[in-house]
Structure formats: structure tokens, C-alpha cells
Protein chains: 2
Amino acid sequence: MGEPTLAEWEAKNEIAFQRIQELLRVLSKSKMLHVLYALGMGKGGLRFSELKKSSLADSTTLTRRLTELEEIGMIARKELSTTPPAVEYHFTESYDILKPILEGLLHYGLEGVNTQS
Amino acid sequence: MGEPTLAEWEAKNEIAFQRIQELLRVLSKSKMLHVLYALGMGKGGLRFSELKKSSLADSTTLTRRLTELEEIGMIARKELSTTPPAVEYHFTESYDILKPILEGLLHYGLEGVNTQS
DNA sequence: CAGTATCCTTGAAGATACTG
DNA sequence: CAGTATCTTCAAGGATACTG
């Protein structure tokens, strides 16, 4: 019996398993991946309006996602003392976790997998 | 003006942009990432019951996600002539797109980012 | 510009029950 | 085991309107 690899792994790594489940749950929220993706494509921070445009998210939803991302420490807010005042969002170091995700997606978009005609 | 990189990129890559938006939308569905993750952790295919257990998804929801993944050609079904008859799901080559995603997540789970106490 | 506050609506998840 | 069919519920998304 060298079969039940997955179940075994889960049992022995229950903590990791739960962390992942939770992250997965957060990432599953509507527009979450879109926001992250937009942020990943931008160079060094994007403003609210830019994120709104790129993620195609409603103001309300965008605010929600941004708040959640801040709460899990994935992004940080930075108020700019420009005229007019603006706000920039950028990744924290935790971004390293998401980097491969975003790169994978970008790759997908550019390559063209042709799953249909 | 060397600033509007994101907007520019999007304009010039509208097709890629739309492909990505659509993939993002599909991936955002509940339990989708969980299912993919479970599948990614398994060795060479998992059965319905295993996926159900690992993804913590309801039968109904699991069926829905599995169907959607088949439709976009991301996974394939394989009926086994065992006793009792079983079914195995496994990634197609399109899996390469998702691989970095899953690996990133696994890394996250194991490392422990400590965003809170 | 960068949000916040409401309300409304609906998509979609999930429980249950049943089938080949 | 591996689903399918219904039905109910409810979270959550999005439209609108307003603010510092």
C-alpha cells in the first residue's frame, strides 16, 4: 500500500492544509484574482481608479477586495501627497507567493492555448 | 510620459487581456481552486470521492466544477474498469498553466507567512 | 479622486434524496 | 462509487447616491 498519498499528506500536514484552504477561499472571491492580476501587471503601485478600470470591478467590490487583501497583509496602501491627493496600492513581500500565479496567468493569456476553435 | 504602462499594455494586448479575464472568472468559482489544488497534489489522477474529500466540496458543486474544467479542456475523465467501477480525473497538458499556481500555493502553506500572531 | 453607505437582487452554493 | 435532480436559502455582488 503505497497508494493513499494525498490523504496521508493531508493528515500529516493539516496545518498547512488549512492555511491553504483559507487562502483559497479568499482568492475565490469575485474580482479578487482580477485585482491581484492588475496589481501584478502594474509597475510599483496602482491607484484606485486604475485598479477599478483594469479589474472591471465596481467601486464597492473593489473596496471590499482591497480591504481583505490589506487584512491578510498581501498589499499595502500608500497615500500620496500629490495634487490632487491620490492613493497607491502595492504588494508587500507576501507578493512572492502570488508571483508565480500571476506569471502563469500572463503566460496563459499570451500563449493562447486553443482549447476551442 | 512613460507612465501609463498598464493601460497601454492592455490596449495592445486586448485579446490576451480578455482571455485572462475569462480564465480568472472561471477560477473564481467556489471550490474551483480547491479542486485544482487537490488534483495537483494527487499522483496521476484522483477519483470523485477523493476529490470530494480533499476539496471539501459538495457532490453537486464538485460535479459542476469538474464539468467546467472538462469544458475548458483543463482536465480529463477516465473511466476505470475496476471492481467496483471508478472514475479518475487528471490534468491535461494545459495543466502546465496551473502548475506554478499550485506550487505557489503549496509553498505558501508549508512556509507559513505569519501575517498574524 | 477615493472611497462609503444602502438596498436590492440574484446567482450560486449546498442539503437532501434518488439512480445506474 | 459516481453522479444527477430539485429546492431553498443566503451571502455577496453590483447599482445608485452621496461624501471628504
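Chain letters run A, B, ... following the sequence lines, proteins first and then strands; every chain starts at 1.
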How would you list, by chain and number, every residue that makes a side-chain contact (heavy atoms from CB on, under 4.5 Å) with B/R64, sequence neighbours excluded? B/T60, B/T61, B/E68

Contact boundaries on DNA chain C for chain B, cut-off under 4.0 Å to non-hydrogen atoms: C/dA13 to C/dT16

Given side chains that start at C-beta, do those of A/L39 and A/L46 come closer than 4.5 Å, heavy atoms only? yes

Partner set under salt bridge (charged side-chain N to carboxylate O under 4.0 Å, His left out) for B/E79, not counting sequence neighbours: B/R77

Could you check if a side-chain atom of B/Y89 sits within less than 4.5 angstrom of a side-chain atom of B/L69, using non-hydrogen atoms only? no

Residue list, ring-ring contact (aromatic ring centres under 6.0 Å, His included) with B/F91, at least two apart or on another chain: B/Y95

Can you give me every donor-acceptor pair (side chain of residues 20-29 of chain A, partner residue at least two apart or in another chain, under 3.5 Å) with its distance?
from	atom 1	to	atom 2	distance (Å)
A/E22	OE1	A/R25	NE	3.2
A/E22	OE2	A/R25	NH2	3.0
A/S28	OG	A/L24	O	2.7

Tell me every residue that passes side-chain contact (heavy atoms from CB on, under 4.5 Å) with B/T67, counting only those two or more places apart in sequence or in another chain. B/T63, B/E71

Please list, chain by chain and in numerical order, all residues satisfying salt bridge (charged side-chain N to carboxylate O under 4.0 Å, His left out) with A/E93, sequence neighbours excluded. none

So what does A/T63 hit on the nucleic acid, given a heavy-atom distance under 4.0 Å: a base, only sugar-phosphate, or nothing? base

DNA chain C: 5'-proximal contact among B/R65 and B/S59 (nearest heavy atom): B/R65

Atom-pair distance (NE2 on A/H34; C1' on D/dA12), nearest Å: 16 Å

Qualifying residues under side-chain hydrogen bond (donor to acceptor under 3.5 Å, both in side chains), relative to A/E70, sequence neighbours excluded: none

Which is true for A/K31 with a 4.0 Å heavy-atom rule: it touches a base, it touches only sugar-phosphate, or it touches nothing? sugar-phosphate

Looking at five pairs on each end of the helix from C/dC1-D/dG20 to C/dG20-D/dC1, what is the angle between the two axes, given to 10 degrees? 60°

Whole-Å distance between D/dG13 P and B/K29 NZ? 14 Å

Same cluster or not: are A/F17 and B/L51 linked, directly or through other Ile, Leu, Val, Met, Phe, Trp or Tyr residues, by side-chain heavy atoms under 4.5 angstrom apart? no

For B/S30, check side-chain hydrogen bond (donor to acceptor under 3.5 Å, both in side chains) against everything at least two apart and list the hits. none

Quick test: give all pairs of protein nitrogen or oxygen and nucleotides 5-11 of chain D nitrogen or oxygen below 3.5 Å, distance rounded to 0.1 Å.
from	atom 1	to	atom 2	distance (Å)
D/dA5	N6	B/T60	OG1	2.9

